[in-house]
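Report on the following structure.
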Amino acid sequence: MKIRNNDELKLFEETLDRCEASVLVVTAQGEQYDLKDPAQRYIGITAMLQGEGLNEPELFASSYKDEMKFFDYLNRVEALAA
């Protein structure tokens, strides 16, 4: 998953703040960061800002409810682009 601009970053962080369980970002190199942990959050988001193509990190939500929040985030990002 790639964060492309400040508007997407703001929406992403708002979504992340609403999540109740762990949200992991996993880089192409296999590094894992729990975005609910303040220290790991910024490292993980930096990876999401820098990732390109096959090197884009993957995002994993620990709960179905949180996963649905990220689907809503993707819909909101799509609306921003339109």
Side-chain angles (χ1 to χ4, degrees):
M1 176 175 228
K2 171 100 172 135
I3 298 174
R4 292 171 179 76
N5 57 49
N6 286 336
D7 291 333
E8 288 183 16
L9 177 58
K10 182 179 176 189
L11 283 174
F12 183 82
E13 291 200 281
E14 289 171 1
T15 303
L16 191 55
D17 288 340
R18 292 187 358 246
C19 290
E20 298 170 11
S22 293
V23 177
L24 297 178
V25 63
V26 180
T27 68
Q29 294 77 28
E31 299 160 324
Q32 294 183 19
Y33 303 102
D34 183 353
L35 299 182
K36 295 299 284 183
D37 178 280
Q40 295 182 36
R41 182 178 197 154
Y42 296 102
I43 299 168
I45 288 176
T46 299
M48 295 174 74
L49 288 163
Q50 295 174 343
E52 291 291 331
L54 295 176
N55 290 324
E56 282 186 27
E58 295 184 59
L59 189 69
F60 297 93
S62 298
S63 76
Y64 179 76
K65 284 174 58 174
D66 290 345
E67 189 174 324
M68 292 300 102
K69 291 172 186 167
F70 282 105
F71 281 117
D72 180 56
Y73 160 80
L74 292 173
N75 287 331
R76 293 172 66 192
V77 165
E78 186 177 331
L80 279 176

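Values below: all heavy atoms of this structure, side chains included; hydrogens, waters and symmetry mates excluded.
Around the NZ atom of K65, the shell of radius 6.0 Å holds no more than 12 heavy atoms that belong to other residues, nucleotides or ligands. More than 12 heavy-atom neighbours from other residues, nucleotides or ligands sit within 6.0 angstrom of CG on N75. Atom CD of Q29 has more than 12 neighbouring heavy atoms from other residues, nucleotides or ligands inside a 6.0 Å radius.
Heavy atoms only, all atoms of each residue included: E67 and A61 are closest at N-CB, 3.7 Å. Between S22 and D34, the shortest heavy-atom distance links the atoms OG-OD2, 3.2 Å. When every heavy atom of N55 is checked against every heavy atom of A28, the shortest pair comes out as OD1-CB, 3.8 Å. In this structure, M48 and L35 approach most closely via the heavy-atom pair SD-CD1, 4.3 Å. Across A47 and P57, no two heavy atoms sit closer than the pair O-CG, 3.5 Å.
If you take CD on E20 and CG on D17, they are separated by 12.5 Å, rounding to the nearest 0.5 Å.
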Exercise. Given the rule in the side-chain contact (heavy atoms from CB on, under 4.5 Å) test, do N5 and L80 qualify, once you have shown the distances and angles that lead to the verdict?
Worked result: CA-CA 11 Å; N5 57 49; L80 279 176; 5.5 Å; no
Exercise. What's the verdict on side-chain contact (heavy atoms from CB on, under 4.5 Å) for D72 and R18, showing C-alpha distance, side-chain angles and the deciding distance?
Worked result: CA-CA 12 Å; D72 180 56; R18 292 187 358 246; 4.2 Å; yes
For this session: Assess whether side-chain contact (heavy atoms from CB on, under 4.5 Å) is satisfied between Y33 and T27, documenting all intermediate values.
Result: CA-CA 9 Å; Y33 303 102; T27 68; 4.0 Å; yes
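Under the 4.5 Å side-chain heavy-atom criterion for grouping Ile, Leu, Val, Met, Phe, Trp and Tyr, I45 is not connected to L24 through any hydrophobic cluster. In the hydrophobic cluster analysis, where Ile, Leu, Val, Met, Phe, Trp and Tyr join through side-chain heavy atoms closer than 4.5 angstrom, L49 is grouped apart from V26.
Checked by atom type and distance alone, the side chain of E8 pairs as donor or acceptor with a backbone atom of R4 at under 3.5 Å. For K36 (side chain) and C19 (main-chain N/O), a donor-acceptor pair under 3.5 Å exists by modelled atom type.
Listed by chain and residue number, nothing satisfies the salt bridge (Lys or Arg N to Asp or Glu O under 4.0 Å) test with K10 (two or more places apart in sequence, or in another chain).
Ion pairing of E13 with R41 is present here, as a side-chain N (NZ or NE/NH1/NH2) and a carboxylate O approach within less than 4.0 Å.
Applying the ring-ring contact (aromatic ring centres under 6.0 Å, His included) test to residues at least two apart or on different chains, the pairs with a partner in residues 51-82 are F12-F70, F12-Y73.
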